[in-house]
Amino acid sequence: MKIFDTHAHYDDKAFDEDRDILLSSMQQEINIEKIVNVGASIKSCKSTIALTERYPFIYGAIGVHPEDVAHITEEDIMWLKEKSQLEKIVAIGEIGLDYYWDGVPKEVQQKWFDRQLELAKEVKLPVIIHSRDAAQDTRDMLLSADAKNQLNGIIHCYSYSKESARDYLNMGFYFGIGGVVTFKNAKKVKEAVSYIPLENLVLETDCPYLAPTPNRGERNSSLNIPYIAKEIAEIKGVSYEKVLDETYQNANMVYRMN
Ligand code: NI
């Protein structure tokens with residue numbers, strides 16, 4: 001069984017002490033076949049590119065997270081455009097809207113979200129969407145950017161209702177499911193997972209954050225993916241193997257890899 005972690009942050013300082021040991025042993029411990037490391041700022045995009053150069057099984061996404069867009073410029077977008085041509089860069093992300101933190105004004109977040117959606121269309125890469133407390137605006141902006149059906153991608157750490165899942169399903173998007181689905185009180189996410197067809201789900205850790213039960217609160221890593229897959233299998237009433245297998249294929253599909 002091959003495992004695909006579609007969303008990780010191994011450049012995070014939480015991994016500074018043992019990054020190499022952890023990543024080098026990962027494929028033997030459990031069958032982690034591919035990982036997409038996701039950039040969130042220009043700095044972490046650079047370290048993401050470095051990780052893709054060092055480890056054959058690590059691929060990268062580059063983009064600027066809504067919390068980090070306050071000081072970016074059109075020049076940064078041009079840099080992203082140039083780097084998006086690298087062979088191991090498979091997506092633009094994570095990009096989106098986060099109204100939970102009020103550090104960056106909504107209009108500024110929207111401006112750069114839109115700009116990066118345009119970039120993804122220009123360079124023909126899928127997007128990884130981060131959206132928190134911003135369901136309506138995310139949906140509206142994605143729908144208008146996708147008016148000609150040129151966008152695809154993953155709604156990362158999906159946390160909205162099954163009703164809004166329908167809109168993204170209609171757009172052909174995938175849903176990133178991580179540790180939250182294993183939390184006892186995560187009723188909404190469990191409902192969404194039960195509603196969304198398995199062919200639209202992908203596995204993710206968002207590590208070092210959001211470790212699943214029974215390791216909740218600890219540093220997360222791709223080694224925890226089996227807990228997430230088991231929970232999805234239980235919710236959907238299918239085998240654990242089927243979840244790993246289908247989500248592996250889905251991830252390859254959305255990132256256009258073989
Ligand atoms: Ni993330």
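We count ligands from 1, going down the list as the structure has it; atoms in each ligand are counted the same way. Residues take their numbers from the sequence shown, with the count starting at 1. For clarity, every value in this text was computed on a predicted model and none was experimentally measured.
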Practice task
May I ask you to decide whether K190 forms a salt bridge with E231, counting only side-chain N to carboxylate O separations under 4.0 Å?
Solution key: yes
Exercise for the section: Rounded to the nearest 0.5 Å, what's the gap from CG on L198 to CD on Q249? Could you check? Expected result: 10.0 Å
Handout entry: Short side-chain to backbone donor-acceptor contact, K106 and Y99, under 3.5 Å
Key = no
Exercise for the section: May I ask you to say whether D68 pairs ionically with K43, meaning some side-chain N is under 4.0 Å from a carboxylate O? Expected result: no
Fill in the blank from the handout: The NE2(H7)-the Ni ion (ligand 1)-OD1(D206) angle, to 10°, is 90°
Handout entry: Among the N, O or S atoms of E94, the one nearest the Ni ion (ligand 1)
Key = OE2
Exercise for the section: Please state whether the separation between the Ni ion (ligand 1) and some N/O/S atom of H9 is under 2.8 Å? Expected result: yes
